[in-house]
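In what follows, chains carry the letters A, B, and so on, assigned in the order in which the sequence lines appear, proteins first and then strands, with residues in each chain numbered from 1.
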Amino acid sequence: MIRPAPESRWTPVINAVLLPAVLVIAWQIWAVTLPADTRAPAPVGVVAAFFHLAGSGGLFSATLQSLGRVLLGFAFAVVFGVGLGLLMGSSRSVKDNLDPIIESFRPIAPMAVLPIAILLLGTGTPAALSIVAYAAFFPLLINTVHGVSRVDRKLVQAAMTMGVPRPRILATVILPAALPSIMLGARVAMGVAWTAIIAAELAVGAKSGGGTSGGIGQMMFVFYAYSIDLNGIVVCMIVIGVVALLIDRFFRATERWLMPWRY
Amino acid sequence: MSSAAERQHAGPPQPSSLQTPVLQRELDATHTWQGPGGAKPSQITRWMSKRGVIAIRSFVIFIALWWLLALWVNRPVQLPSPLRVAIALGGLIAAGEVSENALISVSRLGISLVIAAVLAIPLGFLMGLRREAEAIIDPVVELLRPISGIAWIPLALFIFGVGDILPLFILVYVAFFQILLNTIAGVRNVDQRLIAAARTMGVGRWAVLRYVIIPAALPTVMVGIRLAFAAAWAAIIAAELIGAPSGLGFAIEWYRELLMSPKVFAFLVVIGIVGYFADLALRALQRWLTPWAQGTELA
């Protein structure tokens, strides 16, 4: 294909910045035209709120608290999801018997389980953890089952022919072969878990009269319900987006590091 | 150009007998080698291994375990027994609460999927067909996409208040990106040789769009719609739980606050069943709209 005009090397940069910049400037102009006592967020206010929140350390510690919960819940989900996935992927009778139960829980959103988690565990960290683990469990399980069931059986037979014991086949043949699928599941699961913790913290804040659950979701709810600081809410939203992006990039980098043969 | 076409024609790896589940096969083998002379499994064994029977058996065991656990814990507010949940479910169905709330949630879901599709599909076609449009719009999409729909709830609560608009806004937002990205991918992956062939034979631009690009891209768009449904179904419960005066998410939280846990569990069952059937309906729609695309199932 012939390009009509040679592109300057700045064209991609200009293209990337153009529309976001126009939107932000339009937002700022719109905010300036509002009466002075408005609560509407504006870019300048958001930047100011960010420096205020980051300076006090509150934003950082709330983000860290949410991340800590996600990691702990995710760890539970890895143990159960990958463990059960290996079992279901390698044994047909286990898979046939558990599939109906798994499939009937799958359409139940994590947030629908939250009321029950609150009933059973109260409004503290354990309820939030269980929601995260529940949300992350399904992508991990399904991708592990898929990965294990697609392992080249010639490899397994070769190992068995050479007298390798079963646990070692699992660790040295099946697990590496299923790893790409498991890692994909882990990346999806972590994204879902991050969304779930925000939802859980928001809902716990919203429904238990602003309990002491902490975390960035709770922080947003406090900005909404008590201090009515919309700039602060937007700062939280941006932080949530940035963390989601970093989680995704981290998992992609780990995939590349763990499985160099695929890249 | 040629490498792109080749990649397309390589296609997904065909499932061959070599890739069938490993240990599964060995297990089958051990099953058939039951005794000398290879005795055939009896009538009862065969009946027991039917799919439906296995599913029912699994459910019976699951419910029995639940019941035993409920008896052992013996705190009906925290863990009601299956019987009490079933009675509560029956009562809710008879009172019309289930159909009322399910109808509200499903229609919110349907409306927002339609709105998201109307917005995202044309934009996706534009971005898929025109590099310049994609170069300019894509940065905004990539900036907004990591911010989950749920993170918009507090701001949306402030803008729209508790009501019908808030869940619709959140759902459209969530569904939009799934449909948009899949539409772009679908348009991008149309076999360039088909377009070139049509153009060579003097087919006009609009006819190429109508008869080549749209039919080729539609299966991927449908996958996007099903992904959008899955994401929206997870988000609607959150949106209704926090910011709506009706719907399944609202009902489940309402009964939790009243500590009527059998009804909480009953609504949980309803959410599972409605979600399952909604996905089934979308699969049927997919088959009906794109019958030429069998096999492009979700992994």
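Of all the heavy atoms in Met237(A) and Leu155(B), the pair that sits closest is SD-CD2, 4.0 Å. Closest approach of Ala109(A) to Ala234(B), counting heavy atoms only: CB-CA, 3.6 Å. Nearest heavy-atom pair across Ile240(A) and Ala151(B) is CD1-CB, 3.8 Å. Heavy atoms only, all atoms of each residue included: Ile147(B) and Gly241(A) are closest at CG1-CA, 3.8 Å. Closest approach of Ile137(B) to Leu19(A), counting heavy atoms only: CA-CD2, 4.0 Å. Of all non-hydrogen atoms in Ala112(A) and Leu268(B), the two that sit nearest each other are O-CD1, 3.2 Å.
Ranked by non-hydrogen atom pairs under 4.5 Å with chain B, the options Ala135(A), Pro115(A), Ala244(A), Ala225(A) are led by Pro115(A). Among the candidates Val242(A), Asn97(A), Leu120(A), the residue making the largest number of heavy-atom pairs closer than 4.5 Å to chain B is Asn97(A). When the candidates Ile101(A), Leu245(A), Val94(A), Val17(A) are compared by the number of heavy-atom contacts under 4.5 Å with chain B, Ile101(A) comes out ahead. Ranked by non-hydrogen atom pairs under 4.5 Å with chain A, the options Phe59(B), Phe158(B), Trp152(B), Tyr276(B) are led by Phe158(B). Heavy-atom pairs under 4.5 Å with chain B peak, among Ile198(A), Ile233(A), Ile116(A), Val192(A), at Ile116(A). Note on Ser261(B), Gly275(B), Pro146(B), Ala55(B): by heavy-atom pairs under 4.5 Å with chain A, the leading option is Pro146(B).
Contacts of Ile153(B) with chain A are made by side-chain atoms alone, with heavy-atom separations under 4.5 Å and no backbone atom involved. For Ile247(A), no part sits under 4.5 Å from any heavy atom of chain B, backbone or side chain. Heavy atoms of Leu157(B) lying under 4.5 Å from chain A belong to its backbone as well as its side chain. Heavy atoms closer than 4.5 Å to chain B are found in the side chain of Leu23(A), but not in its backbone.
Distance CD1/Ile54(B) to CG/Leu98(A): 11.0 Å, rounded to 0.5 Å. With rounding to the nearest 0.5 Å, the separation of CD in Gln78(B) from CG in Leu121(A) is 8.0 Å. We find the CG-CD distance between Leu119(A) and Glu257(B) to be 11.0 Å, quoted to the nearest 0.5 Å. In this structure, CZ on Phe267(B) lies 13.5 Å from CD1 on Ile108(A), to the nearest 0.5 angstrom.
The aromatic ring centroids of Phe62(B) and Phe105(A) lie less than 6.0 Å from each other.
Judged by distance alone, with hydrogens and angles left aside, the side-chain atoms of Ser148(B) form no donor-acceptor pair with the main-chain N or O of Thr195(A) at under 3.5 Å.
Under a cut-off of 6.0 angstrom, the local environment of CH2 in Trp27(A) is crowded, with over 12 non-hydrogen atoms contributed by other residues, nucleotides or ligands.
For the side-chain contact (heavy atoms from CB on, under 4.5 Å) test with Met111(A), the passing option among Ile236(B), Ile252(B), Ile237(B), Ile271(B) is Ile237(B); the others fail.
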